[in-house]
**Q** 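Would you mind keeping the following structure in view while I ask a few things?
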Number of protein chains: 2
Amino acid sequence: MEKSKKQIIKEASAKLFRKKGFNATSMQDIAAAVGIKAASLYNHIGSKQELLKELLFNIANAFTSGMNDIEASTLSNIEKLEALIDLHVDLTITYRDSIALITGEWVHLEEPDLKNYLKLRTQYEAQFLNILSACKKSKHIDKNTNIELALYSILSSLHWLYSWYNKNKGVSKIELAKQLKVTLLKGVII
Amino acid sequence: MEKSKKQIIKEASAKLFRKKGFNATSMQDIAAAVGIKAASLYNHIGSKQELLKELLFNIANAFTSGMNDIEASTLSNIEKLEALIDLHVDLTITYRDSIALITGEWVHLEEPDLKNYLKLRTQYEAQFLNILSACKKSKHIDKNTNIELALYSILSSLHWLYSWYNKNKGVSKIELAKQLKVTLLKGVII
DNA sequence: TCATGTAACTAATAAACGTTAGTGTAAAGC
DNA sequence: GCTTTACACTAACGTTTATTAGTTACATGA
């Protein structure tokens, strides 16, 4: 089955939202990118807001689902950290454009979507912190390390991964993940 | 001398731009925040675009100037890295709201400001990378470390510092800088 | 062949936007 | 006391915006 028109529109939107921001992207911009007139978009989508919502929740759900898999696995805590980095690298490469939206464009969600989105995000961070906390308990992370700060540091690096990846298309996914584990975890893990 | 009205407007704008984004913030929003009508803003400022421009270049210049001081200093390379983290912490605390704009809102600058802004940014990153490179040469950073990736990792963490700092007002500036040095540099420095 | 559904189009609407023009008023400078 | 400046206001303008309504063309399936 080929890609649906709606999917094409969503991908074009992601690219534009990323480059110009949600508000600065007009329906005409999106329409032009897929070769139709703005009004014709509404044969395929409900609203501009719906586009943003679906793009963001696609990704949020992918992260949540990946995190749940990792949490339920029998990996060691350190291995879970590594698996999380793999997850971020995978999703960054899979979703490319739309993943950029999670850094800033989520603020343009309307209620109640905004609340639901933040709920997913908060939960994700809590699960991530849990794993870091377990590492600390099992003495794989130094007693004096501020794990909240470490969490923020790791997550912000991973959030920006997409912009780094787009500048270095040459680097392989495996090599990227390997380097990230060294850079992000060596400062934390004993 | 007390704060000029223009300064008050700029600070209110920074807070709003940060929360809602540049495009989603209307002149009425800004006017309401300072207790006047939208049209009255133009007694103090030239345009909405000018507000963004001045906010961004204030910060960009502060970073550039701080970086130049550090580069010209007699500190060791490792000490320069630590000084850079101090610089980011200082500016994050000093500028609070407007510093958030450098992560995303700079895309709404118009030419030729956009080009000039990116020039400053690129130069800053190059200088930062230079210091990392010197550390690698002097064997303070492992031969196999990808310093471009390390740079991105450090910078993205520092870009997000403002959002972390706002959630943890209790933590002191000194303690924050100390923790950051451990978290960000231990993974890199041998 | 006819009916149906899909998906494009043009035209229009109502709201919001940044900005300008013109007016009033009170304080400051001569 | 007169003039000027500073700074607020209202009113309006021209654009841009997302979205709706109504229409047309074409392909599919009965």
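Residue numbers begin at 1 in each chain, while the letters A, B, ... track the order of the sequences. Values below: every heavy atom of this structure, side chains too, minus hydrogens, waters and symmetry copies.
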**Q** Would you call the rings of A:Trp160 and B:His159 parallel, tilted or perpendicular if under 30° counts as parallel and over 60° as perpendicular?
**A** tilted
**Q** When the distance from CD of A:Gln49 to C1' of D:dT17 is rounded to whole Å, what number comes out?
**A** 15 Å
**Q** Counting side-chain heavy atoms from C-beta on, which of D:dA8, C:dA8, C:dC17 comes nearest to B:Gln28?
**A** C:dC17
**Q** Among side-chain atoms of B:Ser26 and B:Asp29, is any donor-acceptor pair under 3.5 angstrom?
**A** yes
**Q** Any side-chain N or O of A:Ser40 under 4.0 Å from OP1/OP2 of C:dA7?
**A** no
**Q** Just N and O in the side chain of A:His44: are any of them under 4.0 Å from OP1 or OP2 of C:dT6?
**A**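 Checking C:dT6 against A:His44, no side-chain N or O comes under 4.0 Å of OP1 or OP2.
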**Q** From the list D:dC9, D:dA8, C:dA8, which nucleotide is the closest neighbour of the side chain of B:Lys37?
**A**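 In terms of side-chain proximity for B:Lys37, the closest of D:dC9, D:dA8, C:dA8 is D:dC9.
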**Q** Determine whether the aromatic ring centres of B:His88 and B:Phe63 lie less than 6.0 Å apart.
**A** yes
**Q** Can you check whether any acceptor in the base of D:dA6 is under 3.5 Å from a donor in the side chain of B:Asn43, or vice versa?
**A**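 Check fails, no donor-acceptor contact within cut-off.
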**Q** Can you tell me which nucleotide in D:dA18, C:dT10, D:dT10 comes closest to the side chain of A:Met27?
**A** D:dA18
**Q** Check the distance between C:dG5's C1' and A:Lys5's NZ and give it to me in whole angstrom.
**A**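 Distance check: A:Lys5 NZ to C:dG5 C1' gives 16 Å.
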**Q** In this structure, how many angstroms lie between the C1' atom of D:dT17 and the NZ atom of A:Lys20, rounded?
**A** 13 Å
**Q** Does some side-chain heavy atom of B:Leu56 sit less than 4.5 Å from a side-chain heavy atom of B:Asp113?
**A** no
**Q** Just how far, in rounded Å, is P of C:dA7 from CG of A:Leu41?
**A**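 Taking CG of A:Leu41 and P of C:dA7, I get 13 Å after rounding.
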**Q** Nearest-Å distance, CG (A:Asp29) to C1' (D:dA18)?
**A**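 It works out to 13 Å between those atoms.
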**Q** Are any of the side-chain heavy atoms of B:Lys137 and B:Leu132 separated by less than 4.5 Å?
**A** no
**Q** How long is the line joining CD1 of A:Ile45 and C1' of C:dT6, in whole Å?
**A** 16 Å
**Q** Reckon B:Ser26 touches a base, only the sugar-phosphate, or nothing at all at heavy-atom distances under 4.0 Å?
**A** sugar-phosphate
**Q** Taking only the side-chain heavy atoms of B:Tyr42 (C-beta and beyond), determine which of D:dA18, C:dT20, C:dA8 contains the nearest atom.
**A** C:dT20
**Q** In whole Å, I'd like the distance from the CD1 atom of B:Ile36 to the P atom of D:dC9.
**A** 6 Å
**Q** From NE2 of B:His108 over to P of C:dC17, roughly how many Å is that when rounded to an integer?
**A** 15 Å
**Q** What's the closest nucleotide to the side chain of A:Ala39 if the choices are D:dT20, C:dA8, D:dT10?
**A** D:dT20
